[in-house]
Amino acid sequence: MKLVRFTKEGSGPERIGVLAGEQVHDLTVLLNDAGLEPHVDPMVRLIWNWDRLRTAVEQLSQARGGHRLAEVRLGPPLRRPGKIVAAPANYIRHVQEMEVNGLAPNPGTGIAVQGIFLKAPSSIVGPGDTIELPYPDRRTDHEVELALVMGKEARHVAAERAFDYIFGYTAVIDVTLRGKEDRGTRKNFDSFTPLGPVLVTADEIPDAHDVDLELSVNGQLRQQGNTRDFTWNINRMIAYASSVMTLEPGDLFITGTPEGVGPLEDGDTVTIRLSHIGEMSVNVTGRRSRG
Ligand code: MN
């Protein structure tokens, strides 16, 4: 199934839904006690309650009616996951380009050396939104990645059991300011985590180690890779991350980027495309919004 966040006619409160073909079916009816408080993400609540609600979601996805996809505005499938856990430098050719360009912050890169890092949920934006460059004169890069969505509490998970804990998948751009600040600063400016366009349940991807990823800027292809080139595979990543911290339903794990990272500029349009997940574009501005 394909799960989405949407607003009707581009405005009003956000809802979550299931996308079937070109129809979006509102799941608010199943979560009628959810979504009232801004800190509660109804998608996270759906995932926590999936065993109980799954059949009803399937039935709704096959119902008549719903909203036409063309008439809604999609948002990020998850807006307030508990946390976003991230793998640094997890494709060998990306590690090499970082070293050649002097961008590798440490002499050794990758999870084995650097461990994992965290991104703030407040940095999430969705399809059609805008990445704001905080320092337009400094290099800020795009990194297209496959994002895992956790489905169960995971603590000290054995590598061979890792997929039992995955609810589904979505796509992400891990926007990164280059420089000497800690990653906690450089990767967590507001708008630095575009997510979407949909969350696909795990059954929609037959082999998560064979997902094509592409990123283009203004129509020009910049990154092209496949998750078969991970240096640490998903089993190993989940086993390691869950040995550090408990992964909870709705948490995101972003799996690293293939080679071809490059700078974003004011006025760019960035498009990502992942097999089974789909395509999403976001804009870039060097002008900071006031608010
Ligand atoms: Mn990354």
(request) With the side chain counted from C-beta on, respond yes when K83 and E248 share a heavy-atom pair under 4.5 Å apart, and no when they do not. (result) yes
(request) Compute the ring centroids of F163 and H209, then answer whether they are less than 6.0 Å apart. (result) yes
(message) Tell me which one of D141, V284, V282 satisfies side-chain contact (heavy atoms from CB on, under 4.5 Å) with L264.
(response) V284
(message) Is the shortest side-chain heavy-atom distance between I47 and L199 below 4.5 Å?
(response) yes
(request) Report the C-alpha separation of K2 and E204 in whole Å, then their side-chain angles, then the decisive distance to 0.1 Å, and conclude whether the salt bridge (Lys or Arg N to Asp or Glu O under 4.0 Å) test is met. (result) CA-CA 8 Å; K2 294 181 168 65; E204 298 251 337; 3.1 Å; yes
(message) For E143, run the salt bridge (Lys or Arg N to Asp or Glu O under 4.0 Å) check against R222, R186, R178 and tell me which one passes.
(response) R178
(message) When you compare the side chain of I238 with that of L148, does any pair of heavy atoms fall below 4.5 Å?
(response) yes
(request) Please list, chain by chain and in numerical order, all residues satisfying ring pair (Phe, Tyr, Trp, His ring centres under 6.0 Å) with F117, sequence neighbours excluded. (result) none
(request) Would you please indicate yes or no on a ring centroid separation below 6.0 angstrom for H67 and F6? (result) yes
(message) Both conditions, 6.0 Å and 45 degrees, for the charged tip of R45 above the ring of W48: are they met here?
(response) no
(request) Check whether any side-chain heavy atom of E153 lies under 4.5 Å from a side-chain heavy atom of P249, and answer yes or no. (result) yes
(request) Using a 4.5 Å cut-off on heavy atoms from C-beta on, say whether the side chain of V244 contacts that of I116. (result) yes
